[in-house]
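For ligands, and for the atoms within them, numbers begin at 1 and follow the listed sequence. All residue numbers in this chain count up from 1 along the given sequence. Quantities reported herein were computed from a predicted structural model and do not represent experimental measurements.
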Amino acid sequence: VLDFILAVAREAGELLREGFGQKHEITYKSRADLVTDRDISSERLILERITARFPDHQIISEESGIRERHAHWLWLVDPLDGTNNYAHTYPFFAISIAVLKDDSLEFGVVYDPIHNEWFTANRGGGAYLNDQPIHVSAIKDVRHAQISTGFPYARWSATPNNLREVETMVMACQSIRCMGAASLDLCYVASGRSDGHWEGELNSWDSAAGALIVQAAGGSVTNLANRMYSPWDPFVVATNGLIHEEVLRRLNNKVVSGK
Ligand code: IPD
Ligand code: CA
Ligand code: CA
């Protein structure tokens, strides 16, 4: 199954790479939440491939609405994670596909077509980048950590806008990054390129594949209350495990201090 998912992600990746830097039809879902014609064509391709091979599986995919959450086999698909980047020709975006079996994460694939990097994991197996095993970083102290985050599209209307949390973490960490594609941000934690990622308003299709990949790479993924990761929980905190407690403590306390 993992090979099939990867083949589909690559095919969709080719389509996105081809369209990168070209003019796009853009529709706005809200002030900062846009969708390009390539989100739609990538999604169409992925859904066609999945339904042809697994006609009785359920699929939740970003652009075609929410369907049944509980199914024996459930696919969570983001056909283009990092649409804002894509539309601005900022080369940081991915295709994210996760598969749940009886509500538990079974497979995860995140494919970055620009750098031709594929991150994969299956439950009980390890995590891989381009078929090579990866592991989270060994940083033990938040003061030496590079941590990423993201901001909700609904930040003008929703109360939790992440500003206070960023203020806290900027003072606590070595560096903060905001790259704009949550699935890849999580894979960067898995591969040790960063030491953590937190974000408050993620959808299941943004986080599921990346979360499984972080777990399989030896990291920790929870919500803000330290409850085990669930695709249906919008708050996701992923770290190398070693700094998890401290990151949670700081995000919860929101005290601005370099100590
Ligand atoms: C978004 C990206 C972004 C995150 C947003 C997501 P999209 O996905 O992952 O990094 O901050 O919350 O919605 O809309 O580009 O697929
Ligand atoms: Ca997304
Ligand atoms: Ca998307």
Novice: Could you name the option among Leu202, Asn84, Asp81 that has the heavy atom nearest to atom 9 (O) of ligand 1?
Specialist: Asp81
Novice: Please determine whether the number of non-hydrogen atoms from other residues, nucleotides or ligands lying under 6.0 Å from atom CD of Gln174 exceeds 12.
Specialist: yes
Novice: How far apart are the closest heavy atoms of Pro113 and Arg17, and which atoms are they?
Specialist: O-NH1, 2.7 Å
Novice: Examine the proximity of ligand 1 to Met179 and report which part, side chain or backbone, both or neither, has a heavy atom under 4.0 Å away.
Specialist: neither
Novice: Look at atom 13 (O) of ligand 1 and say which protein heavy atom is nearest, naming residue and atom and giving the distance to 0.1 Å.
Specialist: Tyr153 CE1, 3.4 Å
Novice: Taking the six-membered ring of Phe107, is the NZ or CZ of Arg123 close enough (under 6.0 Å from the centre) and on axis enough (within 45°)?
Specialist: no
Novice: Of all the non-hydrogen atoms in the protein, which one sits nearest to atom 4 (C) of ligand 1, and at what distance?
Specialist: Glu199 OE2, 3.0 Å
Novice: Between ligand 1 and Gly82, can you find any atom pair, the residue atom being a heavy atom, that is separated by under 4.0 Å?
Specialist: yes
Novice: Between Arg250 and Glu165, is the salt bridge (charged side-chain N to carboxylate O under 4.0 Å, His left out) condition met? List the steps.
Specialist: CA-CA 8 Å; Arg250 288 183 183 267; Glu165 287 81 354; over 6 Å; no
Novice: Suppose we only allow N, O or S atoms; which atom of Asp81 ends up nearest to the Ca ion (ligand 2)?
Specialist: OD1
Novice: Using a 4.0 Å cut-off to any heavy atom of Asp78, which atoms of ligand 1 qualify?
Specialist: 16 (O)
Novice: Do you see an N/O/S atom of Glu63, backbone or side chain, under 3.0 Å from the Ca ion (ligand 3)?
Specialist: no
Novice: From the N, O or S atoms in Asp206, identify the one nearest to the Ca ion (ligand 2).
Specialist: OD1
Novice: Answer with yes or no whether the side chains of Ser230 and Asn223 bring together a donor and an acceptor at under 3.5 Å.
Specialist: no
Novice: Return the minimal non-hydrogen interatomic distance between Leu202 and Ala182, and the atom names on each side.
Specialist: CD2-CB, 3.7 Å
Novice: Heavy atoms only: give me the nearest Ser96-Val110 pair and the separation to one decimal.
Specialist: OG-CG2, 4.1 Å
Novice: Any sub-3.5 Å donor-acceptor pair from Asp81's side-chain atoms to Ile95's backbone N or O?
Specialist: no
Novice: What part of Asp206, side chain from CB on, backbone N/CA/C/O, both or neither, has a heavy atom under 4.0 Å from ligand 1?
Specialist: side chain
Novice: Any chance the side chains of Glu43 and Ser61 put a donor and an acceptor closer than 3.5 Å?
Specialist: yes
Novice: Could you identify the N, O or S atom of Glu62 positioned closest to the Ca ion (ligand 3)?
Specialist: OE1
Novice: Is it the side chain (CB and beyond), the backbone, both or neither of Ala182 that lies under 4.0 Å from ligand 1, heavy atoms counted?
Specialist: both
Novice: Tell me which one of Gly150, Gly180, Gly210 gets a heavy atom nearest to atom 10 (O) of ligand 1.
Specialist: Gly180
Novice: Main chain of Leu16, side chain of Tyr86: is a donor-acceptor contact present, judged purely on distance under 3.5 Å?
Specialist: yes
Novice: For Trp198 and Asn162, does a side-chain donor sit closer than 3.5 Å to a side-chain acceptor?
Specialist: yes
Novice: Specify side chain, backbone, both or neither for Asn203, according to which of its non-hydrogen atoms lie closer than 4.0 Å to ligand 1.
Specialist: neither
Novice: Measure from the Ca ion (ligand 3) to each N, O or S atom of Leu80 and report whether any distance is below 3.0 Å.
Specialist: yes
Novice: List ligand 1 atoms under 4.0 Å from Ala181, heavy atoms only on the residue side.
Specialist: 9 (O), 10 (O)
Novice: Does some non-hydrogen atom of Asp39 fall short of 4.0 Å from ligand 1?
Specialist: no
Novice: Enumerate the atoms of ligand 1 whose separation from the nearest heavy atom of Leu80 is less than 4.0 angstrom.
Specialist: 16 (O)
Novice: Just by distance, do the side chain of Asn252 and the backbone of Leu224 share a donor-acceptor pair under 3.5 Å?
Specialist: yes
Novice: For Thr83, take its heavy atoms, then give the atoms of ligand 1 lying under 4.0 Å from any of them.
Specialist: 15 (O)
Novice: Give the name of the N/O/S atom in Asp78 that lies closest to the Ca ion (ligand 3).
Specialist: OD1
